**Q** 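Below is the structure I would like to discuss, written out as structure tokens.
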Number of protein chains: 2
Amino acid sequence: MAGIRDVAKLAGVSTATVTRALRDEASVTPETKAKVRAAAARLDYVPSAAARALSQGRSSLLGLFVPDIVNPFYAEVAQGMADRAAEANYHCVIASSHLNPERERQLVTSLHDGTLAGLAATTVGTDESFTSALTGQRGPLVLVDRRPRGIRAPLVRTDNRKVTREAVGQFFAMGHTKVAMISGPRDFDTACQRLSGFRLAYKDAGLPLRDEYIRHGHLGEAGGLAAMRELLALPSPPTAVFCFNNLVTVGALMAIRTAGLKVPGDISILAFDDMSLFPLVDPPITAIAQPAYQMGRAAADLLLRQLGGEKSPADVVLPATLIERESLAPPGFN
Amino acid sequence: MAGIRDVAKLAGVSTATVTRALRDEASVTPETKAKVRAAAARLDYVPSAAARALSQGRSSLLGLFVPDIVNPFYAEVAQGMADRAAEANYHCVIASSHLNPERERQLVTSLHDGTLAGLAATTVGTDESFTSALTGQRGPLVLVDRRPRGIRAPLVRTDNRKVTREAVGQFFAMGHTKVAMISGPRDFDTACQRLSGFRLAYKDAGLPLRDEYIRHGHLGEAGGLAAMRELLALPSPPTAVFCFNNLVTVGALMAIRTAGLKVPGDISILAFDDMSLFPLVDPPITAIAQPAYQMGRAAADLLLRQLGGEKSPADVVLPATLIERESLAPPGFN
DNA sequence: TTGTACGCGTTATCAC
DNA sequence: GTGATAACGCGTACAA
């Protein structure tokens, strides 16, 4: 482990010159630079990240906080963020909470020690103790996908309401009248927005919406499965269902399969969030795709801009797109 | 941003005592501890990670290097690793190279500055320049899934050969005689091991293996798609195919679908690596599942043990299991 | 253009 | 049990 002093000695210059030479500053003679570089190379010298971070008061790590890194949506966000970060010589610390609010709070808190220069987060927890933990972060904060109540920070999101309204409209265009939604937790703004789009689509169609066709509070496979079961058990079950997110969709599909029903013959399905395997599912699933990778890039970008001095950048709204496959059909279709 | 000096002053003790009190060392009076804790809490004091890392000569970050974080296999490894790391108060830096060897080398090199206390890696690059980059790492190194040539480090893996031999044996038990394999790069030890298991299964069945039934060098969806196309174009195409990994399987399935063929009627498929959506694919895909989460935990564990002073821990071999679904059937089955 | 010297915030060593 | 102080390794005024 050679230090800057060793390099300085070997190159016959001062440590200050070593720093400057290695940063390729204009104030250093080409010859001096050459000497220093040679010495550094010979000693396998790499400046210590810790010393640099301490000296500069800022690390070169960006944090990404997600509910579940195994969910491909967040994995893609992570990839986008890491790529953008790398362009600015930052690395990416990813923390995933397994959808566990308690663990989420712990993780965020444990990163308040300056490990991170900035933090991008998609959170699940909604209580006060959590949001305050989030704002305890030293550097800039950016929100991805959803904004918890009471937190002021730039947000990267898609236009949930608009795209949902249009996509769900397809159900009605096909002649469905009994359309249900498996929605997320009531205190998620994304759930509210998608639900709002869903209601608008009903309104556009001039149809009444029954309360029992909206199932609140579901997240993850288990939630989708349970919600779909309830829906199927209704006296007058829906003929089409809009699923709040990718995992909920998976759970819903399993419930349908277990019940011996067929998609889209017995029931049509529309998913929010695409998955790479949706084209291979029986049947291929029609989905609203969010530009996850771009969202990750945008989040990193927002962070980098704040680190660069920009005060409070505006929210970034990216377009989501409907990908039509084969899980939608007119009611009673065979 | 209160520092340790502020806390010391407010508590009326020295900085050394602050450290000791906050670490709950036995050599500090309960009263002193209480004073210090109160002061720290009042000032929102959090020890600086950078200063601590510099002082201790070691960060509390573990690195995980994967080819593609969007691949759920690696995402699960990451989750396992992060969970185990958290138990020891470490965080996890994840770097993903998009299967790009050049980027891979850059990333690894850029982390040689002591950012990481230890590194776990699954690599794709195989040339000398890369392997040497890998060993330039300051702390301990652990390999996951596969070991590049010429690198000495503990490895976490599954018993590829054994499980492949058994699983592929099912093809023959069902009466298949024309069984192909879409294999990975020749210089991957995992590819060699799985290929070896594949050959053994042929041997067990007492059948001859045609060279054209082995397609080397494929990785990712595009590779699987191309390889399957070639296989289908053969004068005597196989009736069963074993796929080297999950993404290759996805590509292969797409090629089969595009060709208008049916699984398993026209062709049986066995995948290495499971995916959460495989049960929902048409048909549900039979797969060999590696315990990805456990592998991640094991990798972190190996790293932590080395950080704890253990010299060179032995490799960890975890069991993989065959998950039978519906993509296998006797040849000519309808 | 280059060198000197100090600060960054902790932890560890020693002395008390 | 507690305090003073020297590292840790780099960046950067400021001086030369």
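Within every chain, numbering begins at 1; the chains are lettered A, B, ... in the order of the sequence lines, protein sequences first and strands thereafter. Predicted model only: the values in this text are computed from it and were never measured.
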**Q** Can you give me the first and the last nucleotide of DNA chain D (5' to 3') that has an atom within less than 4.0 angstrom of a non-hydrogen atom in chain B?
**A** D:dG1 to D:dG9
**Q** Any ion pair linking A:R147 and A:D315 (charged N to carboxylate O, less than 4.0 Å)?
**A** yes
**Q** So B:R23, base contact, sugar-phosphate only, or nothing? Heavy-atom distance under 4.0 Å.
**A** sugar-phosphate
**Q** Assess the residue pair B:I151 and B:T123 against the criterion (side-chain contact (heavy atoms from CB on, under 4.5 Å)); give the C-alpha distance rounded to whole Å, side-chain angles, the decisive distance to 0.1 Å, and a yes or no.
**A** CA-CA 11 Å; B:I151 300 214; B:T123 62; over 6 Å; no
**Q** Could you grab the distance from atom CG of B:L43 to atom OH of B:Y45, nearest 0.5 Å is fine?
**A** 10.5 Å
**Q** side-chain contact (heavy atoms from CB on, under 4.5 Å), that's the test. Do B:L219 and B:L247 meet it? Break it down for me.
**A** CA-CA 7 Å; B:L219 218 53; B:L247 266 31; over 6 Å; no
**Q** Compute the bend angle of the helix from C:dT1-D:dA16 to C:dC16-D:dG1 from the end axes (five pairs per end), rounded to 10°.
**A** 30°
**Q** May I ask you to say what B:G57 touches in the nucleic acid, namely base, sugar-phosphate or nothing, with a heavy-atom cut-off under 4.0 Å?
**A** nothing
**Q** So, are B:D187 and B:R146 salt-bridged, with charged N and O less than 4.0 Å apart?
**A** no
**Q** Name the pairs: protein N/O against N/O of nucleotides 3-7 of chain C, kept only if under 3.5 Å.
**A**
from  : atom 1 : to    : atom 2 : distance (Å)
C:dG3 : OP2    : A:S14 : N      : 3.0
C:dG3 : OP2    : A:S14 : OG     : 3.3
C:dG3 : OP2    : A:T17 : OG1    : 2.6
C:dG3 : N7     : A:R20 : NH2    : 2.8
C:dG3 : O6     : A:R20 : NH1    : 3.2

**Q** Between atom CG in A:D113 and atom P in C:dG9, what is the gap in whole Å?
**A** 14 Å
**Q** Kindly compute the distance separating CE (A:M295) from OG1 (A:T122), expressed to the nearest 0.5 Å.
**A** 7.5 Å
**Q** For B:P291 and B:T158, work out which heavy atoms get closest and say how close.
**A** CD-CG2, 3.6 Å
**Q** How long is the line joining CZ of B:R5 and P of C:dC8, in whole Å?
**A** 8 Å
**Q** side-chain hydrogen bond (donor to acceptor under 3.5 Å, both in side chains) between A:Y293 and A:D83: does it pass, once the steps are laid out?
**A** CA-CA 9 Å; A:Y293 181 84; A:D83 284 357; 2.4 Å; yes
**Q** At a heavy-atom distance below 4.0 Å, what parts of residues 26-50 of chain A sit against DNA chain C?
**A** A:S27, A:V28, A:T29, A:T32
**Q** Where is the tightest heavy-atom contact between B:R20 and B:S27, given as atom of each residue plus distance?
**A** CD-OG, 4.1 Å
**Q** For B:D44, check side chain to side chain contact (heavy atoms under 4.5 Å, CB included) against everything at least two apart and list the hits.
**A** none
**Q** State which residues pass side-chain hydrogen bond (donor to acceptor under 3.5 Å, both in side chains) with A:E310; sequence neighbours excluded, sorted by chain then number.
**A** A:R305
